[in-house]
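This chain uses plain numbering: 1 for the first residue, then up along the sequence. Atoms considered below: every heavy atom in the structure, side chains included; atoms not considered: hydrogens, waters and symmetry mates.
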Amino acid sequence: MRTIPRNATRQIAKIKAECTDCRKRSLDNDFTSTPADASAAWAALAAYPSARLTEWRDHYRIRVHSNLWYELYRPGARPEGLATANRYPALRSRLKL
């Protein structure tokens, strides 16, 4: 994982152009991956000074805060069939009341 600085404008513009497949994870939907508009992710990065853009092995992530983040993928590069419980093992063992 590597944080991309906000002043790396050429690199950010390249990521914006390449990564158009966007998924949103938030506390509102129990961190289940839901489709989202990539422009909403970029708007959140611009609107929240504490938001961070990070590079992961296969995608980029805009972390707005601990309960909201966006995952950006290149078209066709997002792993299919990867359930939330498999990707985040801690969620699998959450206590359901």
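Taking NZ of Lys24 as the reference point, atom OH of Tyr70 lies at 4.5 Å (rounded to 0.5 Å). Within the model, atoms CG of Leu53 and CD1 of Ile12 stand 5.5 Å from one another, a figure rounded to the nearest 0.5 Å. Here the NE2 atom belonging to His65 is positioned 9.0 Å from the CG atom belonging to Leu27, to the nearest 0.5 angstrom. One distance of note links SG of Cys19 with CZ of Arg61; it measures 13.5 Å at 0.5 Å rounding. With values rounded to the nearest 0.5 angstrom, Arg74 atom CZ is found 9.5 Å from Asp58 atom CG. Here the OG1 atom belonging to Thr9 is positioned 13.5 Å from the NZ atom belonging to Lys14, to the nearest 0.5 angstrom.
With contacts defined as side-chain heavy-atom distances shorter than 4.5 Å, the pair Ile4/Gln11 qualifies. Side-chain contact check for Arg6 versus Arg52: some heavy-atom pair is nearer than 4.5 Å. Contact annotation: the side chain of Asp37 never approaches that of Trp42 to less than 4.5 Å [non-hydrogen atoms, C-beta and beyond].
Of all heavy-atom pairs spanning Thr20 and Pro75, the tightest one is OG1-CG, 3.3 Å.
One hydrophobic cluster, built from ILVMFWY side chains closer than 4.5 Å, holds both Tyr48 and Leu72. Hydrophobic clustering (ILVMFWY, side-chain heavy atoms < 4.5 Å, transitive): Tyr73 and Tyr60 are in distinct clusters.
Taking the six-membered ring for Trp and thresholds of 30 and 60 degrees, Phe31 and Trp69 have nearly parallel ring planes, at less than 30 degrees apart.
More than 12 non-hydrogen atoms from other residues, nucleotides or ligands lie less than 6.0 angstrom from CZ of Arg2.
The closest side-chain donor-acceptor pair between Asp30 and Thr32, if any, does not fall under 3.5 angstrom.
Between Glu71 and Arg23 there is no salt bridge, since no side-chain N of the basic residue sits under 4.0 Å from a carboxylate O of the acidic one.
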